[in-house]
Number of protein chains: 4
Amino acid sequence: MNNKLKLVTIGGGSSYTPELVEGIIKQYESFPISEYWLVDIEDGQEKQEIIAALAKRQFAKAEIPIKVFTTLNRRDALQNADFVTTQIRVGGLKARALDESIPAKYDVIGQETNGPGGLFKALRTIPVILDIIKDCEELCPNAWIINFTNPAGIITQAVHQTTSWKKFIGVCNLPYGMHVDISNLLGVNLSRIRIDMVGLNHLVFGINTFLDGHNINKQIIDSYRNNKGFGMKNIADIPWSSAYLNSLGYIPCSYLRYYHQHDDMLDVQKEQSRTNTTRAEVVMKLEEELLLKYKDSNLDTKPSELELRGGAYYSSAACNLMDSIYNDKKDIQVVNTVNRGALIGIDLSDVVEVSSIITKEGPIPLTMPKLNEGALGIIQQMKAFEKQTVKAAISGNYSDAYLAMVINPLVQSEKKAKKILDEMLEAHQQYLPQFNKKRE
Amino acid sequence: MNNKLKLVTIGGGSSYTPELVEGIIKQYESFPISEYWLVDIEDGQEKQEIIAALAKRQFAKAEIPIKVFTTLNRRDALQNADFVTTQIRVGGLKARALDESIPAKYDVIGQETNGPGGLFKALRTIPVILDIIKDCEELCPNAWIINFTNPAGIITQAVHQTTSWKKFIGVCNLPYGMHVDISNLLGVNLSRIRIDMVGLNHLVFGINTFLDGHNINKQIIDSYRNNKGFGMKNIADIPWSSAYLNSLGYIPCSYLRYYHQHDDMLDVQKEQSRTNTTRAEVVMKLEEELLLKYKDSNLDTKPSELELRGGAYYSSAACNLMDSIYNDKKDIQVVNTVNRGALIGIDLSDVVEVSSIITKEGPIPLTMPKLNEGALGIIQQMKAFEKQTVKAAISGNYSDAYLAMVINPLVQSEKKAKKILDEMLEAHQQYLPQFNKKRE
Amino acid sequence: MNNKLKLVTIGGGSSYTPELVEGIIKQYESFPISEYWLVDIEDGQEKQEIIAALAKRQFAKAEIPIKVFTTLNRRDALQNADFVTTQIRVGGLKARALDESIPAKYDVIGQETNGPGGLFKALRTIPVILDIIKDCEELCPNAWIINFTNPAGIITQAVHQTTSWKKFIGVCNLPYGMHVDISNLLGVNLSRIRIDMVGLNHLVFGINTFLDGHNINKQIIDSYRNNKGFGMKNIADIPWSSAYLNSLGYIPCSYLRYYHQHDDMLDVQKEQSRTNTTRAEVVMKLEEELLLKYKDSNLDTKPSELELRGGAYYSSAACNLMDSIYNDKKDIQVVNTVNRGALIGIDLSDVVEVSSIITKEGPIPLTMPKLNEGALGIIQQMKAFEKQTVKAAISGNYSDAYLAMVINPLVQSEKKAKKILDEMLEAHQQYLPQFNKKRE
Amino acid sequence: MNNKLKLVTIGGGSSYTPELVEGIIKQYESFPISEYWLVDIEDGQEKQEIIAALAKRQFAKAEIPIKVFTTLNRRDALQNADFVTTQIRVGGLKARALDESIPAKYDVIGQETNGPGGLFKALRTIPVILDIIKDCEELCPNAWIINFTNPAGIITQAVHQTTSWKKFIGVCNLPYGMHVDISNLLGVNLSRIRIDMVGLNHLVFGINTFLDGHNINKQIIDSYRNNKGFGMKNIADIPWSSAYLNSLGYIPCSYLRYYHQHDDMLDVQKEQSRTNTTRAEVVMKLEEELLLKYKDSNLDTKPSELELRGGAYYSSAACNLMDSIYNDKKDIQVVNTVNRGALIGIDLSDVVEVSSIITKEGPIPLTMPKLNEGALGIIQQMKAFEKQTVKAAISGNYSDAYLAMVINPLVQSEKKAKKILDEMLEAHQQYLPQFNKKRE
């Protein structure tokens, strides 16, 4: 790596960017980037300019000499980049709204990551990510790509399964958030907590929790059920029962509610649809408000409202990761990367979300004990869905997409699967060129 | 094996027995048993005597010199047995009715094999089967045990996972029936058809079909969707769509409807509950009528009504298996046995349902190609449920049973799981001594 | 397959061919080939013509209407072939003599299959076999290729590892011979014996032996050590000790002597080198004598001297295999094919030699119990050598070939490895174009 | 762990102890033990007292308040121990001399770790170690056992395979030494070097080397071959060829010479036998001299001659490990522990030597890329030998020990195996009670 560290964010117009900028500032001493490039498509140009202006004010206030650039030409930005972060949303929030509302018509949870919504987000996104990688192979072959784009697990699977690009890591704020939640619960410094985590993105389990190395798993499981404050902002806050937590023996992630509290979550979604408060709709409003704030030329820090957006800790997760790669820190972080033997029961070459040490050559997953039946079965089923989704995203075959839809644990009905699939293929047609070709 | 072949049927009072007797007669030339023992518990004594009398008339009509014995003392029957078949129903059809009706209250399909009903049938049955094995170890250590008792896959898993008894095979009529269906469809002799099958009991897939060795898989998949006559008598006859069958690429078994046509199957169950035509209720009536027939001293063959009972081909499946073991036939049959590498993605020591050659030393599973995602994920999830069920049946721990209930793909709700579990533990209390001990 | 069965033998000039012709005659009723094509290179033309004439006399005597064709143009022969057998020797027996004599200079056993000699035979042969497959893809895409060419295991590995051609089976006479040996020992018909065999070509183990389905393994192991007559003609007949056979618990194949009786075998080889009676030299003389016999226009059957040649049973092994494929016999034969889970501890996609049922779609390996340490370790090490050999044969890299040489269990010395490698690369230069390119 | 840290060394009379004491002193600040107990058997009492006196002088000079205790009663020492190190030699150096000299009679390298000598060292030692664990289960169930006793890999395998004691780690100085060698070679601080290591004890490979996180593997492989100073003191210093190192692509450990430079190593051993300079003989002399030094009441530091003894870095390896456990350091160390998925191709539950992070709950192995054929085959074969050795050590069956001897890569002759085995069983009879029972 050269002395002039160049960081590129693809999807620079995302409302998350100021959060990332804050992270860059915090980490500057050990991870001193000199150029920060924002890239977006034409639709995002206006937002990107607003955000770039805010970023400049943020850096200025922090008295940090990082130059900010914006472009609509991805290739200009990627030239000799050292790190690339991807936070794109193909089709925008409107597409997300469809991902959630179409399945809901059939009493199916949309779930924009591992559900039918996630299937379509993956179908739209994977071809774009693979194009970005082709550019990187040519323009910045030594760069690390840090992907926040959802469904992060499936996208990382697609990259490692279908390309020879190794330097691609999927990052989610959820594992980081679980560490923060537990340190808050115990009233101790975050650095004293270690959770051994393994599973898939949005289907990860905390299999053991340690305070200063002492195993406090039982204590945490006891606390967990009483603590409503845990979990993601964007997931309904239904507490787990004591019976459930004790029988599972692991700390579940918020998304497990979609599978093990399916009915309650479906009720929540129906209510949201009825009251026009689906997550997409909430976020659209939030984004508008945020953007107004961002425009304010007096604003020179991340506004606190951003935390409602759902991406809390993304910045920390991402910047810690880049810092540890840059400095070969060998600390433990939870990332989406190639399994290699960490998760027994999943193929060695598949992507998992797992506690890994972070080195200059990337993450090395830690070996984990074999998971119990409560976690293993659902993970294996979801990985089958993920791989079928990747297959469909590449092939553009109706049949492949249909099978992915049927085997998704939120669907389970070949009839509904067909209806949802057909309606979504129609609705997202413009973002699914690989499927259109087939139809012609 | 001695020259005097001794066959024992545990659960002799079952209405299926005359079917089995018919099979014994057909196979007599190559599998010449000399003594046939029926064993039942006191509640079944009357039925067993009626059935033994019918069996004697059946053998007499066929002019076959097999002696029939009845006893309520299992140990008397097992002494020096060569083959033991088990077809028990702990708690009788009343328990089955509860297995179906209690989950139905919570809009959950009971499904007496792989659903919540199957969980409880396993909890009631596994301890009894393990006791039978203890007797066999002492009284007939060289005997083969052929188990028809449902859930046949879970019970076979329990035996191989927790005992050192190797000569235990689980048999289901479903794979045999699929072969018959396809030979009927094509209008060819059964012996010309081979389906390579692999999966779990009631979750098995026909991955390739051959006519005289020629692969006719695509043709069969095409035919399958148009043919309503396929499948088990006891499962609602909802046809598969062309889209589904093409995308799966395998022949699904009837039970897959519970998972991939979940809503329709739930509707069927609700309608059955409303009209008092659940499978348990239908079977209870059928059994009464059958028993009246059996009593008729002029009856000396299996009455045709028995086929409505749902166990068609059990006799053929069982007698073919015993014949092939006895004569080291090395023909291919589909049985529940230890995996050993046949189903990639399932542990080597777990039990699977798979095409195997049948030798004097038992089944040797054939290696199978790795399953596609449409089949593998649901199989892995179900195996997790099966193993958790075995764990609970042995431990008698509430927590273990609860986790099994939650992870069952028909449940997916920790709240419903708790309600169903608690109500079923209460309802079946007298047949679950292992759980009662814990409560005291 | 068409009604006119066409069989092609590549390497038609081999002295083995009359043996194969005899097999074709025996199997004619169920495997009625109508055209038999012999293909060879120019150097083999004279031999091939002599052998074709004999074949015609053999068929005439048997009154079987098979037409015999000879050609030097492989592509003419392959057009629409149904079965292709390969029995080639790139470089001829002179190359074999070098394979044996060069290592011998350094006190290393040459061993033309799994030793340093086998490494070079593989390096010479694999490119030719891959060329044949390219022709088959174009000219006879439905043909089955039955390969007798040594090292049969490595060549089969090369085909399945580096091409998409599935219909390729490696056959060795050794497993068939072990069945014959044991049936002779017991004085029973061959059909009553079954040996469950698994391992690699020339490193296969009989893990259980059955007479009419009864396990007689212990009895056979006892007999084995007293019976000097067992084993291959081309391997020195050093008996196994009782201690060895009991501790191993399996029936070893003759080639295991190279690894577990290494010193004695080395002494044999030295003595052979001293007295000019290496196998290559013996065979060269035998071939000359055989060819003289073959020329005799009164000869119309396979001469008995052919059995000394070492290929006894090749004909039976090959014709049984083709017959079972053609007729979808589903009988058990021991072949080299893709593992798929049969040999635990070897990758699923690697090639193993294993008891398989033979169907119209080829062999389906039987699952085997996990091997004990006595067999597993040496098999795993040999498979590493085999895969490294394939890598070297494809890459033509000195470094790859060198690593294969060092890790061969007969070498174990990096210095000797280098000397042997360099001398053999030089000696075989004209048959190793892939290595020559690299040097230029 | 209590505040009063208690460390016990079993085999306290070992000449290595002063080295360990030095390590304890260095690490005292972060790993403040308060009691140090030495345990030995009667034969070692005199040596132990000399060494305890020296230890007291060492602690006194360092002004560290550690109390030193000696006892011949292991149970007295183990009571409430926090850490236990084991460095025993059942039968003493005389037994080692036999381990080396008996195989040498038959032109076989004795090799006291993974060779025939190691087999017998394991047979003598494993029962004693299992007895120690029984005591620990009763007296110090929370203690960590750090085993230096050779063959460290086999002993660690025995413990994890046959007991439920988890807190047992095998340590070797070789991986630590390789790190030191490379840091010396580069002239950089040890902390800047990381070698990803994986394999078995004394058969471990450095698969990648990093300087400050930068992969310098190729550079190191180039340097390695020119640097005679590398490797263990107790292994003849035969350099690796450039061809070998390039084709392997990993850094080999010194012990690999026994397998890939077998002839040269055998020559060395023969010369040593001829000149009475076998390692056992050299060490016996060294020990005498060392003990004389130790007796000198003016000596209050580890004498430099100890480094010739061969155990350089044992102290650092052991003390670093205990320190990291005690302080939950999560740094990377190379230890012998349960595989869990780190070494693909070896069973999950087997013991491997692998780079692991060290936590308060012990080592967590890092996942490693699949090894190339050059390393994997020999490792798999050696693991088969190791497991067969453990089987023999537990069973005391002649047959099990014989199979272990035959499959050892240094033996490869069933005849020699028998002679060596019989002579060694006789020679070590008094230390092999499990085998004597069988004979009676």
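Note on naming: letters A, B, ... go to the chains in the order of the sequence lines (proteins, then strands), and numbering restarts at 1 for each one. These values consider heavy atoms only, across backbone and side chains, with no hydrogens, waters or symmetry-generated copies. Quick caveat: nothing in here was measured; it's all calculated off a predicted structure.
- How far OG of C:Ser399 is from CG of D:Leu248: 9.5 Å, rounded to the nearest 0.5 Å.
- Heavy-atom distances place the side chain of D:Asp347, and not its backbone, under 4.5 Å from chain C.
- Between the side chains of C:Glu373 and D:Gln388, no donor-acceptor pair of N or O atoms lies under 3.5 Å.
- Of the two parts of D:Lys416, only the side chain, counted from C-beta on, holds a non-hydrogen atom closer than 4.5 Å to a non-hydrogen atom of chain C.
- Of the charged side-chain nitrogens involved, at least one lies within less than 4.0 Å of a carboxylate oxygen, so that C:Lys415 and D:Asp264 count as a salt-bridged pair.
- Here the shortest heavy-atom pairing between C:Glu414 and D:Tyr244 reads OE1-CB, 3.2 Å.
- The structure places OG of D:Ser242 at 9.0 Å from NZ of C:Lys418, a figure rounded to the nearest 0.5 Å.
- Between chain D and the residues C:Gln412, C:His262, C:Lys391, the most heavy-atom pairs under 4.5 angstrom are made by C:Gln412.
- With rounding to the nearest 0.5 angstrom, the CG atom of C:Leu403 is 6.5 Å from the CG atom of D:Asn372.
- Atom NE2 in D:His260 sits 10.0 Å away from atom OG in C:Ser413 (nearest 0.5 Å).
- For the atom pair CZ of D:Phe385 and CD1 of C:Ile378, the computed distance is 14.0 Å after rounding to the nearest 0.5 Å.
- Per-residue counts of heavy-atom pairs under 4.5 Å with chain C were compared for D:Gly377, D:Ser247, D:Ala384, D:Ala404; the largest is that of D:Ser247.
- Two residues are said to be in side-chain contact when any heavy atoms from C-beta on lie closer than 4.5 Å; D:Ser241 and C:Tyr402 meet this criterion.
- Counting heavy atoms from C-beta outward, D:Gln380 and C:Ile379 have side chains that stay 4.5 Å or more apart.
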